[in-house]
Amino acid sequence: MIITEKINIQRTKHSRLSEVDFNNLTFGSIISDHMVVSDYNNGEWGASSIMPFGNISISPTMLALHYGQVVFEGMKAFKMKDGSISIFRIEKHYERFCKSMERMCIPAMSYEQFDEALKALIELDSAWVPGSEGASLYIRPFVFASEERFGVKVADEYKFIIFTGPVGPYYANPLKVKVEGKYRRAAHGGTGSAKCAGNYGGAFYPLQLARKEGFDQVLWTDATDDLYIEESGTMNVFFIIDNVIITPPLSDSILDGVTRDSFITLAKGMGYKVEERKIGANELVHSFQKNIFQEAFGTGTAAVVAPIQTINIAGKDYNLPKVSDNSVSMKIKQQLLNIRIGTAPDKNNWNTIIKL
Ligand code: COI
């Protein structure tokens with residue numbers, strides 16, 4: 001039992017669980033019964049409470065709405081084969097959350113508080129964790145400047161919330177992406193490696209233009225004109241060329257993806273050669289021409305491992321071989337899923353198990 005007396009818990013009297021069609025889960029529309037809330041005031045984080053998920057009241061002057069101090073995480077919990085629940089890589093997500101908060105001048109929260117509140121919430125809403133393959137409970141911790149005033153300043157008050165929701169696959173089909181040549185997601189020295197809300201808002205306009213042209217996502221390039229690939233939309237990106245798995249190296253303009261890190265660890269463990277190095281759009285074109293470009297895919301908490309079917313570079317479509325269960329990316333994805341549901345050994349201690 002994780003739920004402790006340290007966390008004040010107010011249980012819902014009107015669970016919405018019976019309204020959910022667990023056979024038709026999409027991403028991002030269904031929210032579980034409860035949420036964690038904690039407030040930062042007078043220089044410290046207050047105790048966490050768990051309460052029924054619901055609206056919060058805010059002032060139009062709330063600083064986050066004006067100056068953008070908002071940071072979030074995306075995590076997942078899974079139903080294991082033996083009926084218990086696993087939460088994936090809490091520590092790694094917490095570390096990234098702290099780094100993002102630091103970059104946005106948001107005061108750190110202790111690991112103990114984050115971990116305890118998260119586990120209590122998942123235990124309380126354990127019935128919301130879906131059991132079907134490819135489905136999971138998405139967990140969204142986030143924090144924002146809640147102080148009410150409109151002078152430009154680093155806020156002195158913050159609100160931390162965790163809510164969850166059952167989700168199905170993020171992308172239903174292999175993706176068609178374009179190498180974005182005009183707009184940039186992040187520049188060196190900027191906030192690209194932080195999981196702050198503005199990074200997503202700033203990406204919408206180029207994405208909207210790309211969608212009008214028939215693409216699902218863009219491949220972001222670095223802020224030089226060399227078109228080095230950085231990320232794809234909400235994912236880190238990988239290419240398999242001549243049997244080598246290649247992904248751009250982490251930098252201050254790339255998000256340090258938890259799935260990226262897990263994928264690299266598993267790939268190496270399964271004997272694949274992995275290179276974290278710069279890769280330009282030109283190299284992709286040359287690899288296509290030499291017929292050695294085998295796979296491309298994105299990785300992310302929401303997307304897991306999402307195959308890319310077509311890459312458009314400077315207006316020309318390059319089509320990759322169709323993915324199958326035998327594709328390297330799919331074999332590694334399956335291994336990741338097996339670890340999460342307990343059918344493969346968790347050698348790296350990534351799972352936190354909630355026994356019910
Ligand atoms: C995730 O993969 O968890 C993300 O945060 C990306 C997106 C859903 C915003």
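First listed ligand is number 1; within each ligand, the first listed atom is number 1. Every heavy atom of this structure was used, including side-chain atoms; hydrogens, water molecules and symmetry mates were not.
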Flag the pair Phe293 / Tyr318 as yes when their ring centroid distance falls below 6.0 Å, and as no otherwise.
no
State whether the side chain of Asp252 and the backbone N or O of His188 hold a donor-acceptor pair below 3.5 Å, judged by distance alone.
no
Strictly under 6.0 Å, is that where the ring centroids of Phe263 and Phe297 end up?
yes
Phe150 atom CZ: more than 12 heavy-atom contacts under 6.0 Å
no
For ligand 1, find each of its N or O atoms that sits under 3.5 Å from a protein N or O atom, and tabulate the pairs with distances to one decimal place.
residue: ligand 1; atom: 2 (O); partner: Thr301; partner atom: N; Å: 3.4
residue: ligand 1; atom: 2 (O); partner: Ala302; partner atom: N; Å: 2.9
residue: ligand 1; atom: 3 (O); partner: Tyr138; partner atom: OH; Å: 2.5
residue: ligand 1; atom: 5 (O); partner: Tyr138; partner atom: OH; Å: 3.3
residue: ligand 1; atom: 5 (O); partner: Lys195; partner atom: NZ; Å: 2.7

Between Tyr158 and Phe160, does a ring-ring contact (aromatic ring centres under 6.0 Å, His included) hold up when you go through it step by step?
CA-CA 7 Å; Tyr158 297 87; Phe160 169 74; over 10 Å; no
Under the side chain to side chain contact (heavy atoms under 4.5 Å, CB included) test, residues paired with Thr265 that sit two or more places apart
Asp261, Asn348, Trp350
